[in-house]
Amino acid sequence: MSNNRSWRKSYQVGAIFLCTLIITLITSNYHPSSAETDQVHWEYSGESNAYVWGLLSPEFQTCTLGDKQSPINITNIDIDDEQPGELAEIKFDYQSSAAEVVNNGHTIQVNYKPGNSVSINNQKYKLLQFHFHTPSEHKIDDKSSAMEAHFVHQNDAGELAVVGVMMNSGAENPQIAQIWQAIPEGNKANKAQSITLNAAKLLPSDKTYVSYEGSLTTPPCSEGVSWNLLLEPIEVSSQQIATFTNLYQNNARPIQALNDRSVELHQDSVPQE
C-alpha cells in the first residue's frame with residue numbers, strides 16, 4: 001500500500017511540473033533566437049510558400065500582419081498627362097567596382113563593398129547589393145515584366161532604400177551576361193565569384209520613377225523601406241531570362257494590398273534624346 005501511495009505522489013508531482021512548464025511556455029511570449037530564426041526554412045512554393053511566411057516564425061509575423069507590404073501593383077499612371085511637379089530625381093553615384101556574385105538559394109545576388117551610392121531627397125544611401133526576381137515582383141497596370149532587379153541601399157541610420165528596375169525580353173545585355181557567367185555552382189552563400197561591374201550600366205536612360213513606403217519582399221518582410229521603381233525597363237535576351245528561370249522558375253512574392261498608401265510619380269529632369 002505504501003508503495004502505491006509513493007507512486008501516486010510521484011506521479012502527481014510530475015504531472016504538476018509538466019503542466020506548469022507547458023503554461024510557462026505558452027504565456028512567456030517565447031521568441032526564437034536570431035540563430036534559430038536564421039534556420040527557418042522559407043520558399044516561394046510548397047509548404048513554406050509566400051502565403052504562409054507569417055506563420056513560419058514569430059520573427060516573420062509582419063509578412064502577414066503588416067499593412068505596408070511590398071510588392072504592389074502600380075496603376076493609373078499616365079506619364080504624358082502628368083504635370084511635372086517638384087523635381088526629385090535619384091542621383092546615382094555608381095562606378096566600376098569589385099563585386100561578388102552569389103547564388104544564395106533564393107536568387108542570384110551581386111554584393112558590393114562600400115563605394116557606390118544613391119541620393120534620394122538629399123539623403124545618401126550606400127549600395128549593398130542587387131538581386132533578381134522572375135517574374136517581376138511589382139506590376140504596372142496589372143502587367144508583369146519578365147524579371148526585376150532590386151538595388152538595395154542603406155543610409156547611416158540603417159534605413160533601407162530599394163531601386164527597382166524592370167527587365168523585358170529583347171536584346172542581349174552585356175552586364176547580365178557577365179553576371180550569369182560568374183554564377184557559382186550550388187546554392188551555398190559561401191560560394192562566390194568575383195567580378196568587376198558598373199551597376200550604372202544596368203539602369204535605363206530615363207530615370208522617371210514612382211516611390212512609396214513599403215517593405216522587404218522576403219522574410220522577415222520588415223517595413224519602413226523606401227521603394228523607388230524606375231518605369232522604363234531595360235532589355236535582356238530570352239536566353240538570359242531562360243538561364244535564370246532554369247535556376248529559379250518563380251521567385252516573386254505575390255502582390256500586396258496598397259491600403260491607404262500613396263504612390264508618387266517623379267519625372268526625370270534630364271531631357272531624353
Side-chain angles (χ1 to χ4, degrees), residues 18 21-72 100-112 126-138 144 147-155 157-162 164 183-193 212-227 244-259 261:
L18 180 60
L21 177 61
I22 292 173
I23 293 171
T24 300
L25 289 174
I26 292 175
T27 58
S28 64
N29 194 25
Y30 171 73
H31 292 279
S33 66
S34 59
E36 289 173 298
T37 302
D38 290 342
Q39 300 303 316
V40 176
H41 175 73
W42 60 269
E43 54 190 355
Y44 291 94
S45 60
E47 294 182 355
S48 303
N49 67 75
Y51 292 100
V52 300
W53 285 348
L55 305 177
L56 300 178
S57 165
E59 302 295 326
F60 296 173
Q61 287 182 356
T62 304
C63 299
T64 299
L65 302 179
D67 61 357
K68 296 180 180 178
Q69 290 290 288
S70 299
I72 61 173
E100 288 188 332
V101 180
V102 172
N103 182 351
N104 66 17
H106 297 293
T107 187
I108 300 303
Q109 181 170 303
V110 180
N111 297 325
Y112 275 93
K126 300 173 183 178
L127 176 63
L128 303 179
Q129 50 97 344
F130 64 86
H131 59 268
F132 303 92
H133 296 271
T134 185
S136 66
E137 294 202 299
H138 289 89
S144 300
M147 295 182 64
E148 182 177 347
H150 292 167
F151 295 77
V152 182
H153 309 78
Q154 187 176 52
N155 65 13
E159 299 166 327
L160 297 177
V162 182
I183 295 175
E185 295 182 0
N187 62 354
K188 300 297 183 183
N190 61 356
K191 292 182 179 180
Q193 296 291 335
Y212 73 96
E213 184 179 354
S215 73
L216 300 178
T217 65
T218 59
C221 307
S222 306
E223 296 185 340
V225 177
S226 170
W227 268 98
F244 188 84
T245 55
N246 284 339
L247 293 171
Y248 299 104
Q249 187 174 6
N250 186 327
N251 68 337
R253 188 188 189 193
I255 292 295
Q256 304 296 301
L258 182 61
N259 296 319
R261 288 175 287 176

Close side-chain approach of Q154 and K126, heavy atoms under 4.5 Å: no
Nearest-0.5 Å distance that lies between atom OG in S70 and atom CG in L216: 8.5 Å
Worked verdict on V225 versus K68 for side-chain contact (heavy atoms from CB on, under 4.5 Å): CA-CA 9 Å; V225 177; K68 296 180 180 178; over 6 Å; no
Residue pair A252 / S136: nearest heavy atoms and the distance that separates them: CB-O, 4.2 Å
Centroid-centroid under 6.0 Å between Y44 and W42 rings: yes
Least distance between heavy atoms, R261 atom then Q69 atom: NH2-O, 2.9 Å
Parallel, tilted or perpendicular: rings of Y212 and W227 (30°, 60°): parallel
Euclidean distance, S144 OG relative to E148 CD, rounded to 0.5 Å: 9.0 Å
Backbone of D67 reached by a side-chain donor or acceptor of E223 within 3.5 Å: yes
Side-chain heavy-atom pair L160, S226 within 4.5 angstrom cut-off: no
T107 side-chain N/O to Q109 backbone N/O, donor-acceptor pair under 3.5 Å: no
Closest non-hydrogen atom pair, T62 against P220: CB-O, 3.8 Å
Under 3.5 Å donor-acceptor, H150 side chain and F130 backbone: no
Short side-chain to backbone donor-acceptor contact, Q256 and P254, under 3.5 Å: yes
Donor-acceptor pair, side chain of H153 and main chain of A161, under 3.5 angstrom: yes
Euclidean distance, N103 CG relative to I183 CD1, rounded to 0.5 Å: 7.0 Å
Minimum heavy-atom distance between V101 and P184, given as atom pair plus value: O-CD, 3.6 Å
Check: E43 main-chain N/O paired with W53 side-chain donor or acceptor under 3.5 Å: yes
Shortest non-hydrogen contact between Y51 and N49, atoms and distance: N-OD1, 2.8 Å
Any Y112 side-chain heavy atom under 4.5 Å of L128 side chain: no
Which atom of C221 lies closest to which atom of S215, heavy atoms considered: O-CB, 3.6 Å
N251 side chain to H106 backbone, donor-acceptor under 3.5 Å: yes
Carboxylate-amine/guanidinium contact E137 R253, below 4.0 Å: no
Sub-4.5 Å side-chain heavy-atom contact between H138 and I255: no
Whether N111 side chain and Q129 backbone form a donor-acceptor pair below 3.5 Å: no
